[in-house]
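What follows is one structure encoded as structure tokens, with my remarks underneath.
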Number of protein chains: 2
Amino acid sequence: MILSTKGRYGLKAVFELSLNYGEGPVSLKKISEKYDISENYLEQLFSKLKKNGYIETVRGAQGGYLLAKEPKEITVGMILRTLEGEITTSECLNREVCVRESICATRGIFEKIENSISNVIDNITLADMYEEHKNIIAEEKIKNEQKNLS
Amino acid sequence: MILSTKGRYGLKAVFELSLNYGEGPVSLKKISEKYDISENYLEQLFSKLKKNGYIETVRGAQGGYLLAKEPKEITVGMILRTLEGEITTSECLNREVCVRESICATRGIFEKIENSISNVIDNITLADMYEEHKNIIAEEKIKNEQKNLS
DNA sequence: TTAATGTTGACAAAATTAGTAGGGTATAAT
DNA sequence: ATTATACCCTACTAATTTTGTCAACATTAA
Ligand code: FES
Ligand code: FES
């Protein structure tokens, strides 16, 4: 099991938008080059995100994509659910209650897995990602300085 | 995202074995009929589980499959990992450290998701499932009795 | 105008999933 | 001994999903 590239690529790309939040649109070309992701493929992903109101576009030269809301108002879950579809582990959870429920003991398991995933992705915003990323960068900087000293 | 039928079917089937723990082997035919799962397909799943030492077999008439360990010693994670492969959310987590780590802020997210999934599946045993199932059955019984009274 | 950029819809290769099919082997029951 | 039951194993395949590609078009800044 692995999250598909839709979610993985999409989240990276949206994070890139949040890095540029308040500084005008970012073109797909830049993002696709930075992360080495097919431009046309990213386009499809962003199209969905636009339809769902998470990003906006500016057409024409110097145009591009930008977040439609503040980074702190967009959760990882919003992005992943838009791109991957409902994040679920069993067909029986999201549809009508399974007819076999009474003989099947697995339902509870899958429900727990699902809840724990939701708990993570719905409580991390793009702003949180930014903070964490800043810390990682800072740590790396210190490491590099230590290397240079020795 | 959804767990594949390998994990979903497999877990159901193995749970069925734990229901019969200590009472001799259970044939694939019975399991496949009870849950309406292809017998041949289940066979492939059980074959993997046998190779990994979670179940044993008895060949010949009246034969079948049985758990190789006590239900409390087999976790949901063991079964799911055997059947689904490594439960991961990002390619960058299980292989050599990603070269793009320093520019990519998503790694932390996927790590958290993965850990929370592991936390669930590695801490629920077949014995736990059995307890929970017993409770559900008991609750249903009470409900039915109340229905009959009214 | 022209070059940069987003928009849209169709198409398609590759991989994975979800099985099927069928012959083989072991063993309990008769 | 024979037969029915059941696991064992390998190969094959249909369907679906993933992971893109392609091309024609619309908008706008410079
Ligand atoms: S078969 Fe639907 S809940 Fe288990
Ligand atoms: S690209 Fe590998 S961790 Fe993000």
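Here is how names work: the chains are called A, B, and so on, in the same order as the sequence lines, proteins then strands, and each is numbered from 1.
Taking every side-chain heavy atom of A:Asn40 into account, D:dC22 is the closest of C:dA18, D:dC22, D:dC7.
The side chain of B:Thr57 contributes no N or O atom lying less than 4.0 Å from OP1 or OP2 of D:dC7. At the phosphate of C:dA18, neither OP1 nor OP2 sits under 4.0 Å from any side-chain N or O atom of B:Tyr9. Between D:dT19 and A:Lys6, no contact under 4.0 Å exists linking OP1 or OP2 to a side-chain N or O. B:Ser38 has no side-chain polar atom (N or O) that falls below the 4.0 Å cut-off from OP1 or OP2 of C:dA18.
In the model, A:Ser118 has no side-chain atom that pairs as donor or acceptor with a side-chain atom of A:Asn115 under 3.5 Å. No donor-acceptor contact under 3.5 angstrom links the side chains of B:Asn119 and B:Ser116, judged on distance only. Side-chain atoms of A:Glu84 and A:Ser4 include a donor-acceptor pair closer than 3.5 Å.
The aromatic rings of A:Phe46 and A:Tyr65 lie perpendicular to each other, with more than 60° between the two planes, well past the 30° mark.
Atom CG in A:Leu17 sits about 14 Å away from atom C1' in C:dG6, given to the nearest Å. The nearest whole Å value for the distance from the OH atom in B:Tyr41 to the P atom in D:dC7 is 18 Å. One can place CG of A:Leu83 at 14 Å from C1' of D:dT18, the figure rounded to the nearest angstrom. The separation between A:Leu28 atom CG and C:dT8 atom C1' is 14 Å, rounded to whole Å. The CD atom of B:Glu39 sits 13 Å away from the P atom of C:dA21 (whole-angstrom rounding). To the nearest angstrom, P of D:dT18 lies 12 Å from CZ of A:Arg8. With rounding to whole Å, A:Lys29 atom NZ is found 11 Å from C:dG6 atom P. The separation between A:Asp36 atom CG and D:dG20 atom C1' is 13 Å, rounded to whole Å.
Applying the side-chain hydrogen bond (donor to acceptor under 3.5 Å, both in side chains) test to residues at least two apart or on different chains, the pairs with a partner in residues 51-62 of chain A are A:Lys50-A:Thr57.
Within 6.0 Å of OH on B:Tyr41 lie more than 12 heavy atoms contributed by other residues, nucleotides or ligands.
When atom types are taken as modelled, the side chain of A:Ser18 and the backbone of A:Tyr21 share no donor-acceptor pair closer than 3.5 angstrom.
Checked against side-chain contact (heavy atoms from CB on, under 4.5 Å), B:Pro25 has the following partners two or more places apart in sequence or in another chain: B:Val58, B:Leu66. With sequence neighbours left out, the side-chain contact (heavy atoms from CB on, under 4.5 Å) criterion links A:Asn40 to A:Ser38, A:Glu43.
Using a 4.0 Å cut-off between charged side-chain N and carboxylate O, A:Glu132 and B:Lys112 make a salt bridge. The pair B:Arg81-B:Asp122 meets the salt-bridge criterion, since a charged nitrogen lies less than 4.0 angstrom from a carboxylate oxygen. Salt bridge status for A:Glu131 with A:Lys134: present, with a side-chain N to carboxylate O gap under 4.0 Å.
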What pairs of nitrogen or oxygen atoms, one from the protein and one from nucleotides 11-14 of chain C, lie under 3.5 Å apart?
none

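Heavy-atom distances under 4.0 Å link DNA chain D to B:Val58, B:Arg59, B:Gly60, B:Ala61, B:Gln62, B:Gly63, B:Gly64, B:Tyr65 of residues 58-70 of chain B, given in residue order. Applying a 4.0 Å cut-off to non-hydrogen atoms, the residues of residues 43-52 of chain B that approach DNA chain C are B:Gln44, listed by residue number.
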